[in-house]
Protein chains: 2
Amino acid sequence: MKITDVARHAGVSPSTVSYALSGKRPISDDTKRRVEEAIRELGYRPHAGARALASSKSNVLALVVPLRAGIHIPVVMQFAVSVVTTARRYDHDVLLLTQEEGEEGLRRVADTALVDALILMDVQLQDPRLPLLRVLERPSVMIGFPASSEGLTCIDLDFKAAGEVCVEHLAGLGHRAVALVGSPPEVYVRQTAFAQRVVQGFTAAADRHGLASSVHPCEAASGAARKVAEQLLRDQPALTGVVVHNEPLLEPLIDAFEQLGLRVPGDLSVTAICPDELAESIRVPVTSVALPSADIGTRAVELLMRKLDGTEVPEATLLAPRLTERASTAPRNA
Amino acid sequence: MKITDVARHAGVSPSTVSYALSGKRPISDDTKRRVEEAIRELGYRPHAGARALASSKSNVLALVVPLRAGIHIPVVMQFAVSVVTTARRYDHDVLLLTQEEGEEGLRRVADTALVDALILMDVQLQDPRLPLLRVLERPSVMIGFPASSEGLTCIDLDFKAAGEVCVEHLAGLGHRAVALVGSPPEVYVRQTAFAQRVVQGFTAAADRHGLASSVHPCEAASGAARKVAEQLLRDQPALTGVVVHNEPLLEPLIDAFEQLGLRVPGDLSVTAICPDELAESIRVPVTSVALPSADIGTRAVELLMRKLDGTEVPEATLLAPRLTERASTAPRNA
DNA sequence: ATGAAAGCGCTAACAT
DNA sequence: ATGTTAGCGCTTTCAT
């Protein structure tokens with residue numbers, strides 16, 4: 001079943017069928033109807049490879065997902081799903097690449113014209129893929145910010161501002177000593193951008209408000225919660241505000257505090273940077289800055305589509321943090 | 001940079017380059033060397049669309065991932081990653097589809113020849129996609145078993161046997177009253193195959209051994225753990241053995257039992273069906289039947305490759321459960 | 001062991 | 001508004 005079959009069946013030329021499908025030139029209503037009918041009757045589907053060859057567009061995007069330790073998997077899935085869903089709205093499909101394939105994988109799918117454009121997640125401050133992206137003849141969008149991003153397109157939650165907003169919320173409630181429970185150490189060692197930026201924002205805001213502060217990278221294993229809680233209280237006996245940037249640890253940590261005799265939010269206020277869904281599902285719903293995975297995924301695809309169109313897009317898109325107050329924060333005890 | 005360029009540069013014909021690349025006919029060592037050199041020097045990459053058109057093979061597999069409620073996301077990601085990794089070993093890429101696209105999505109990627117074959121996850125007992133798969137001209141593999149799978153290729157953990165093995169382990173330790181804490185109710189309502197089969201195996205084995213038993217579908221929200229624990233003890237005061245088939249609930253449930261004054265495994269033995277990684281990471285490492293996501297993903301791709309080769313493959317592949325004893329099970333108190 | 005050439009099915013100039 | 005046709009870059013017969 002090919003386009004010439006459809007053309008014959010509809011009594012038109014192949015190009016007319018092609019144009020009826022693409023809308024790239026005006027077709028009379030009558031012709032269009034006949035073409036559509038022929039397509040339906042014959043169950044015609046254009047051959048993706050032939051299209052890609054003739055048009056130099058595969059209508060496929062590459063999505064590179066991170067697999068490394070310390071990344072919260074459900075967030076990755078949410079990104080992926082929103083990327084796929086949005087891509088489909090623009091008539092594109094999504095090819096899944098793992099980071100294992102590395103730069104060679106990017107080069108492969110780009111150079112073979114298997115994909116038209118690329119989306120990368122888990123960007124590091126000094127990401128080895130950056131030089132490649134700059135020379136690749138295909139547009140790309142990075143979810144996350146490297147140290148220097150000139151000539152590249154990046155989008156992410158403004159993690160620095162997120163760290164600040166959390167501290168400011170706590171400061172506004174009268175808290176004077178705060179701690180950040182961060183991502184697993186390996187995330188910092190890798191210089192993953194978002195983890196670093198939370199620390200920057202957290203520390204800057206704490207200093208600005210004259211709060212005592214400390215930062216604790218932390219394993220995601222929930223078994224670690226008790227130890228972390230104890231350590232925090234040992235290091236900062238005056239501690240009354242905690243910012244958690246570590247999804248799997250959030251609930252166990254709150255449990256651990258309560259088991260140590262600290263009521264949340266009575267004795268200790270807790271804020272988090274995490275998906276709203278998680279913040280809401282916890283026994284004590286947690287005041288949090290949303291990690292809007294779906295929104296970021298959608299906007300990453302939209303940026304890419306505009307780049308494929310030849311439209312200019314901003315190099316950096318930082319999404320402003322949105323803090324939602326829930327039950328885990330309260331004014332400091334007198 | 002195309003194949004004719006390489007051919008000219010190497011002083012051979014385009015077909016020779018093609019054959020040197022595919023190995024589909026003998027090439028003299030000397031010629032092969034010259035071709036490889038030309039490819040390297042010119043940085044040549046064959047155009048994926050042109051290949052697909054000429055060979056009627058896209059070298060792309062579709063992977064349909066479930067998004068529905070009650071599915072444990074990290075397990076889905078593990079599948080996806082192992083599918084991608086294995087596919088790459090066979091020189092294939094993976095196109096990511098969401099279940100949202102439904103049957104139309106499958107038809108689209110198959111009929112446009114965007115993919116050569118398909119892998120489906122989260123199969124339901126009466127899956128609406130089954131008839132389509134039977135008529136589709138492309139091979140497919142389902143991860144999971146529908147009610148009737150003639151003519152289709154399925155692979156999964158033998159969940160029925162997994163349920164049995166858990167009960168038998170408990171029975172062997174002298175336990176006489178057991179309960180199954182299952183997947184969220186919506187999973188059963190959807191008639192998702194694996195959840196049902198665990199229940200079958202659990203119940204059959206309990207009956208066979210003359211154990212008192214009960215089954216409790218259960219939300220994944222960890223807040224529900226306490227309620228479930230209390231309900232279990234109310235329903236079955238003699239309860240000493242629990243089988244958990246609900247990843248997110250596993251740890252909270254054990255915590256809840258202990259808070260109710262029941263030591264694990266002193267008073268209550270707990271087994272689970274879950275990834276080994278999860279079972280090991282819990283405070284009380286849990287005796288479990290492994291959910292070998294990576295293995296299943298790998299084998300699904302291997303089945304598909306053999307089908308693409310024209311090799312016959314078994315319609316049903318049930319992976320035997322493997323129970324690992326850990327700290328959460330012990331003989332029943334005298 | 002290698003070359004020549006005919007497609008694969010579509011798009012997009014270039015007609016009219 | 002529609003038709004004609006020359007590719008797109010590769011694979012694979014068919015020759016030799």
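Below, read A as the first sequence line, B as the second, and so on, with proteins coming before strands; counting in each chain starts at 1.
- Across dT11(C), dC10(D), dG9(D), the shortest atom-to-atom separation from the side chain of Ser18(A) is found for dT11(C).
- A donor and an acceptor atom sit less than 3.5 Å apart, one in the side chain of Tyr19(A) and one in the base of dA12(C).
- With salt bridges taken as basic N to acidic carboxylate O contacts below 4.0 Å, one links Arg34(A) and Asp30(A).
- Rounded to whole Å, the distance from CZ on Arg45(B) to P on dC10(D) is 13 Å.
- To the nearest angstrom, P of dT11(D) lies 12 Å from CD1 of Ile27(B).
- Put simply, NE2 on His47(B) is 17 Å from P on dG9(C), counting in whole angstrom units.
- Ion pairing between Asp5(B) and Lys2(B) fails under the 4.0 Å rule for side-chain N and carboxylate O.
- For Arg51(B) and dT11(D), a side-chain-to-base donor-acceptor distance below 3.5 Å is absent, hydrogens and geometry of angles not being considered.
- Between the side chain of Thr31(B) and the base of dA1(C), no donor-acceptor pair under 3.5 Å is found.
- Of the candidate nucleotides dG3(C), dG3(D), dG9(C), dG3(C) has the atom lying nearest to any side-chain atom of Thr16(B).
- Phosphate proximity of dG3(C) to Ser13(B): present, with a side-chain N or O under 4.0 Å from OP1 or OP2.
- Atom CZ of Arg8(B) and atom P of dA4(C) are 13 Å apart (whole Å).
- Remark: C1' of dT12(D) and NZ of Lys57(B) are 12 Å apart, rounded to the nearest angstrom.
- Spacing between atom CG of Asp111(A) and atom P of dG9(D) amounts to 14 Å, rounded to whole angstrom units.
- When heavy atoms are screened at a 4.0 angstrom cut-off, Ser55(A) is found touching the sugar-phosphate backbone but no base atom.
- To the nearest 0.5 Å, the span separating CD1 on Ile155(A) from CD on Glu302(A) amounts to 8.5 Å.
- When atom types are taken as modelled, the side chain of His47(B) and the backbone of Ala50(B) share a donor-acceptor pair closer than 3.5 angstrom.
- For Ala54(A) and Ser15(B), each mapped to the nucleotide of DNA chain D holding its nearest heavy atom, the one lying further toward the 5' end belongs to Ala54(A).
- Rounded to an integer number of Å, the gap from CD1 of Ile3(A) to P of dT4(D) is 14 Å.
- Judged by distance alone, with hydrogens and angles left aside, the side-chain atoms of Ser149(B) form no donor-acceptor pair with the main-chain N or O of Leu152(B) at under 3.5 Å.
- Put simply, Ser28(B) has a side-chain N or O that comes within less than 4.0 Å of OP1 or OP2 on dT2(C).
- Whole-Å rounding puts the Arg25(A) CZ to dC10(C) P distance at 17 Å.
- At dT12(D), one or more side-chain N or O atoms of Lys24(B) fall inside 4.0 Å of OP1 or OP2 (strictly under the cut-off).
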